[in-house]
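Quick caveat: nothing in here was measured; it's all calculated off a predicted structure. FYI, side chains are in, hydrogens and waters are out, and symmetry mates aren't considered; it's all heavy atoms of this structure. Proteins get letters first, then strands, A, B, ... in listed order; numbering begins at 1 in each.
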Protein chains: 2
Amino acid sequence: MIVSKKTNGVMGRKNPKKWEHRFREMGMRFTEPRRVILEVLGNTVEHLSAEEIYMRVYKKHPNIGLTTVYRNLYTLERMGIVTKFHFGDGCHRYELIEGHKKPDHHHHLVCTGCKRIIDYDDFMDEEIAYIKKVEKALSRKHSFDITDHVIQFYGLCKKCKAA
Amino acid sequence: MIVSKKTNGVMGRKNPKKWEHRFREMGMRFTEPRRVILEVLGNTVEHLSAEEIYMRVYKKHPNIGLTTVYRNLYTLERMGIVTKFHFGDGCHRYELIEGHKKPDHHHHLVCTGCKRIIDYDDFMDEEIAYIKKVEKALSRKHSFDITDHVIQFYGLCKKCKAA
DNA sequence: AACAATAATGATAATGATTATCATTACCAA
DNA sequence: TTGGTAATGATAATCATTATCATTATTGTT
Ligand SMILES: [Mn+2]
Ligand SMILES: [Mn+2]
Ligand SMILES: [Zn+2]
Ligand SMILES: [Zn+2]
């Protein structure tokens, strides 16, 4: 089963019924577990771990297994529908790339106290410009094909500062 | 055992004999395992995992245990001597903050093919300027105390592109 | 020097997240 | 229908990292 990355676009966004098409067009099936996992991811602003996704799935579909959640998160990742992050607590966290509840491309602010994660996409103009520049320079200098980046700021949120 | 972060400076750099002082001044002992771990970290440009560090330590000091390596990496991290990274393969990787073999403050270029990691510190001036700016804005907007950041570019290196 | 206090170690077992196996089920195409 | 394959779910296995705990090493003090 080979999955080509990035057939993205506006498709899928605000139109979850069309997820099905994404799967079908690559000869994959749009199963119940997949529908439900995407539903969970589409209805939160949080950055959930596999376990957390599983727990939410479990509430309405106790028959769906944790293994299936892991397996499909990996599938969704390869399809370019979901991204996986690591914020320094012991697990990976997943996020819909084109979710109604999320800014389209964004970076993260991570509280090392309460582990809360804030999406931000203001400053994006400068950021994008700057990143493009560095990417280009790095690509040339090291003959690297840059496809992605991670930018995270760590610190203490208001509450954690006080406490 | 409480360790305050950041007593950094030029100290220690190019002067490994002074690591001892760093420990002593906080009532800690500069033990053989610590000396050896720092030696390993000081003699490489790589970003080693705990296991890899342990293996190098093992060659000359087979009596030093993996547990001790983990424990001391944690200690060194809290002392601000070492930083821990996560590059997407399944483990944490460590790096001396003030190593002879490293640019002082730098960011990373990660090949998702061969997992090789390239340090870069050209563009650092711009990058720092940019980061300061974003940090300030984010700090204000979200009342966040930003203490650290992670900037990583992912892609394929020359070799992995070809293959 | 002998001693008590405690820092640090190392062997081992335990944990927690993720992955591999494999028999079973669901779906599609002929 | 029926055969072939995709996908699932229960279970066991892996791998990195931590927790325990008895032992050893170091330091400051009589
Ligand atoms: Mn996010
Ligand atoms: Mn580095
Ligand atoms: Zn917080
Ligand atoms: Zn490579």
Could you state the [atom1]-[atom2] distance from [X] to [N], rounded to the nearest angstrom?
X: A:Asn72; N: C:dT18; atom1: CG; atom2: C1'; answer: 15 Å
X: B:Met28; N: D:dA25; atom1: CE; atom2: C1'; answer: 15 Å
X: B:Arg78; N: C:dA7; atom1: CZ; atom2: P; answer: 13 Å
X: B:Arg35; N: D:dT26; atom1: CZ; atom2: C1'; answer: 13 Å
X: A:Arg34; N: D:dG9; atom1: CZ; atom2: P; answer: 11 Å
X: A:Leu73; N: C:dT19; atom1: CG; atom2: P; answer: 10 Å
X: A:Glu32; N: D:dG9; atom1: CD; atom2: C1'; answer: 15 Å

Legend entry - Heavy-atom closest contact (A:Arg93 atom, A:His47 atom, distance): NH1-O, 2.7 Å

Inset, instruction - Taking all non-hydrogen atoms of both residues into account, name the closest pair between B:Tyr120 and A:Val134 and its distance. - result: OH-CG1, 4.2 Å

Inset, instruction - Without swapping roles, check the side chain of B:His106 against the backbone of B:Pro103 for a donor-acceptor pair under 3.5 Å. - result: yes

Inset, instruction - Output all residues satisfying ring-ring contact (aromatic ring centres under 6.0 Å, His included) with B:His86, sequence neighbours left out; order by chain, then residue number. - result: A:His86, A:His92, B:His92

Inset, instruction - Please identify each residue that fulfils ring-ring contact (aromatic ring centres under 6.0 Å, His included) with B:Phe23, with sequence neighbours left out. - result: B:Phe30

Legend entry - Spacing of CD belonging to A:Glu77 relative to NZ belonging to A:Lys84, to within rounding of 0.5 Å: 4.5 Å

Legend entry - Separation between OG of A:Ser49 and OH of A:Tyr94, rounded to the nearest 0.5 Å: 8.5 Å

Inset, instruction - Any side chain to side chain donor-acceptor pair (under 3.5 Å) involving residues 61-74 of chain A? Give me the pairs, sequence neighbours left out, ordered by first then second residue. - result: A:Arg34-A:Asn72, A:Thr68-A:Arg71

Inset, instruction - Please tell me if the side chains of A:Glu95 and A:Val82 come closer than 4.5 Å, counting only heavy atoms from C-beta onward. - result: no

Legend entry - Members sharing B:Val150's hydrophobic cluster (side chains within less than 4.5 Å): A:Phe85, A:Phe87, A:Val110, A:Ile117, A:Tyr154

Legend entry - Axis bend over the full length of the helix from C:dA1-D:dT30 to C:dA30-D:dT1, computed from five pairs that close each end, to 10 degrees: 20°

Legend entry - Listed partners of B:Asp121 passing salt bridge (charged side-chain N to carboxylate O under 4.0 Å, His left out), at least two apart: none

Legend entry - DNA chain C-proximal residues of residues 83-91 of chain A, any heavy atom under 4.0 Å: A:Gly90, A:Cys91

Legend entry - Nucleic acid contacts - residues 46-65 of chain B versus DNA chain C, non-hydrogen atoms under 4.0 Å: B:Asn63, B:Ile64, B:Gly65

Inset, instruction - Write out all pairs satisfying salt bridge (Lys or Arg N to Asp or Glu O under 4.0 Å) with one or both partners inside residues 106-119 of chain A, taking only residues at least two apart or from two chains. - result: A:Lys102-A:Asp119

Legend entry - Summary of salt bridge (Lys or Arg N to Asp or Glu O under 4.0 Å) pairs that have at least one residue in residues 37-51 of chain A, sequence neighbours excluded: A:Glu46-A:Arg56

Inset, instruction - Determine, for nucleotides 21-30 of chain C in 5'-to-3' order, which nucleotides have protein heavy atoms under 4.0 Å from the base (write B), from only the sugar-phosphate (write S), or from neither (write -). - result: -----BBS--

Inset, instruction - Kindly say if A:Tyr70 contacts the phosphate of C:dT19, meaning a side-chain N or O under 4.0 Å from OP1 or OP2. - result: no

Inset, instruction - Side chain of A:Leu66 only, please: which of C:dG10, D:dA7, C:dT18 is the nearest? - result: C:dT18

Legend entry - Residues that A:Arg29 engages under side-chain hydrogen bond (donor to acceptor under 3.5 Å, both in side chains), provided they are two or more places apart: none

